[in-house]
Engineer: 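Here's a structure for you.
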Amino acid sequence: MIGTTGAPTNTALLCTAGVDGALVTDISAIPQSTLTATGLVLFLSTDAGVTKWPIDSETMAAYSAGATAKIPKTPFAAYTEQTPLRLAANARLYVGALVAAASGIVFKAQSTDF
């Protein structure tokens with residue numbers, strides 16, 4: 001479990017804003033293998049990762065990997081072209097899952113630096 005305090009463990013850096021900040025317009029995740037349902041958490045850090053604060057979460061549904069199974073994509077629905085997440089200069093986004101996945105979870109972000 002990653003925890004939701006200012007110092008969570010088992011998080012991964014997703015993106016870092018440039019020196020003038022950035023807009024994030026898409027964040028999503030896909031499982032790499034079979035997994036039970038889990039919470040996905042998005043963290044914001046404005047001090048180079050020393051502290052990380054939860055700012056959003058989504059639920060990734062259970063998934064059974066198979067040769068013909070479509071791999072489900074779990075979007076963080078709040079962030080779109082119309083409703084981007086604005087990051088301050090050099091801010092960092094980190095991600096984590098509340099239940100460990102054997103082969104991991106792949107997160108993707110679409111961002112534009114100013």
Side-chain angles (χ1 to χ4, degrees):
M1 185 158 171
I2 59 174
T4 54
T5 64
T9 57
N10 297 325
T11 62
L13 178 63
L14 182 62
C15 69
T16 302
V19 296
D20 293 321
L23 289 179
V24 179
T25 56
D26 181 63
I27 301 172
S28 60
I30 61 170
Q32 291 292 93
S33 63
T34 296
L35 82 153
T36 60
T38 184
L40 306 176
V41 184
L42 181 65
F43 296 90
L44 175 66
S45 176
T46 56
D47 58 7
V50 175
T51 55
K52 303 168 193 153
W53 296 102
I55 60 167
D56 202 358
S57 66
E58 292 288 343
T59 300
M60 177 174 274
Y63 166 67
S64 295
T68 59
K70 178 180 177 183
I71 300 172
K73 178 172 137 178
T74 303
F76 279 77
Y79 313 113
T80 67
E81 292 282 337
Q82 291 74 35
T83 57
L85 171 61
R86 185 179 182 115
L87 297 178
N90 303 308
R92 296 179 180 189
L93 288 179
Y94 289 82
V95 291
L98 297 176
V99 175
S103 297
I105 297 171
V106 175
F107 288 84
K108 174 189 79 83
Q110 175 86 24
S111 66
T112 303
D113 284 346
F114 293 117

Engineer: Find the distance between CG (Leu85) and CG (Leu42) and round it off to the nearest 0.5 Å.
Structural biologist: 7.0 Å
Engineer: Kindly state each residue pair satisfying side chain to side chain donor-acceptor pair (under 3.5 Å) with at least one member in residues 62-77, sequence neighbours excluded.
Structural biologist: none
Engineer: Taking it one step at a time, do Ile55 and Leu93 satisfy side chain to side chain contact (heavy atoms under 4.5 Å, CB included)?
Structural biologist: CA-CA 10 Å; Ile55 60 167; Leu93 288 179; 4.0 Å; yes
Engineer: For the CD1 atom of Ile30 and the CD1 atom of Ile105, what is their distance to the nearest 0.5 Å?
Structural biologist: 10.5 Å
Engineer: Would you name the heavy atoms of Leu87 and Cys15 that are closest together and state the gap between them?
Structural biologist: CD1-SG, 4.3 Å
Engineer: If you define the side chain from C-beta out and look only at heavy atoms, does anything of Leu98 sit under 4.5 Å from Val41?
Structural biologist: yes
Engineer: Can Phe107 and Phe76 be said to form a side chain to side chain contact (heavy atoms under 4.5 Å, CB included), step by step?
Structural biologist: CA-CA 10 Å; Phe107 288 84; Phe76 279 77; 4.2 Å; yes
Engineer: Considering non-hydrogen atoms only, spot the tightest contact between Arg92 and Ala48 and give its length.
Structural biologist: NH1-O, 3.2 Å
Engineer: Which atoms form the tightest heavy-atom contact between Tyr79 and Ile27, and what is the distance?
Structural biologist: CD1-CD1, 3.9 Å
Engineer: Just how far is it from atom NZ of Lys52 to atom OG of Ser45, taken to the nearest 0.5 Å?
Structural biologist: 7.5 Å
Engineer: CE of Met60 to OG1 of Thr38: how many Å apart, nearest 0.5 Å?
Structural biologist: 8.0 Å
Engineer: Give a yes or no answer on whether the side chain of Thr34 reaches the backbone of Ala65 with a donor-acceptor pair at less than 3.5 Å.
Structural biologist: yes
Engineer: Just by distance, do the side chain of Thr11 and the backbone of Val95 share a donor-acceptor pair under 3.5 Å?
Structural biologist: no
Engineer: Carefully, step by step, assess Leu35 and Val99 under the rule side chain to side chain contact (heavy atoms under 4.5 Å, CB included).
Structural biologist: CA-CA 9 Å; Leu35 82 153; Val99 175; over 6 Å; no
Engineer: Give a yes-or-no answer on whether the side chains of Asp113 and Ser111 include a donor-acceptor pair shorter than 3.5 Å.
Structural biologist: no
Engineer: For the residue pair Ala17 and Ala22, what are the closest heavy atoms and their distance?
Structural biologist: CB-CB, 3.7 Å
Engineer: Does any N or O in the side chain of Ser103 come within less than 3.5 Å of the main-chain N or O of Gln32, such that one atom is a donor and the other an acceptor?
Structural biologist: no
Engineer: Of all heavy-atom pairs between Asn90 and Thr16, which one has the smallest distance, and what is that distance?
Structural biologist: O-CG2, 4.1 Å
Engineer: Of all the heavy-atom pairs spanning Leu44 and Ala91, show the shortest one and how long it is.
Structural biologist: CD1-CB, 4.0 Å
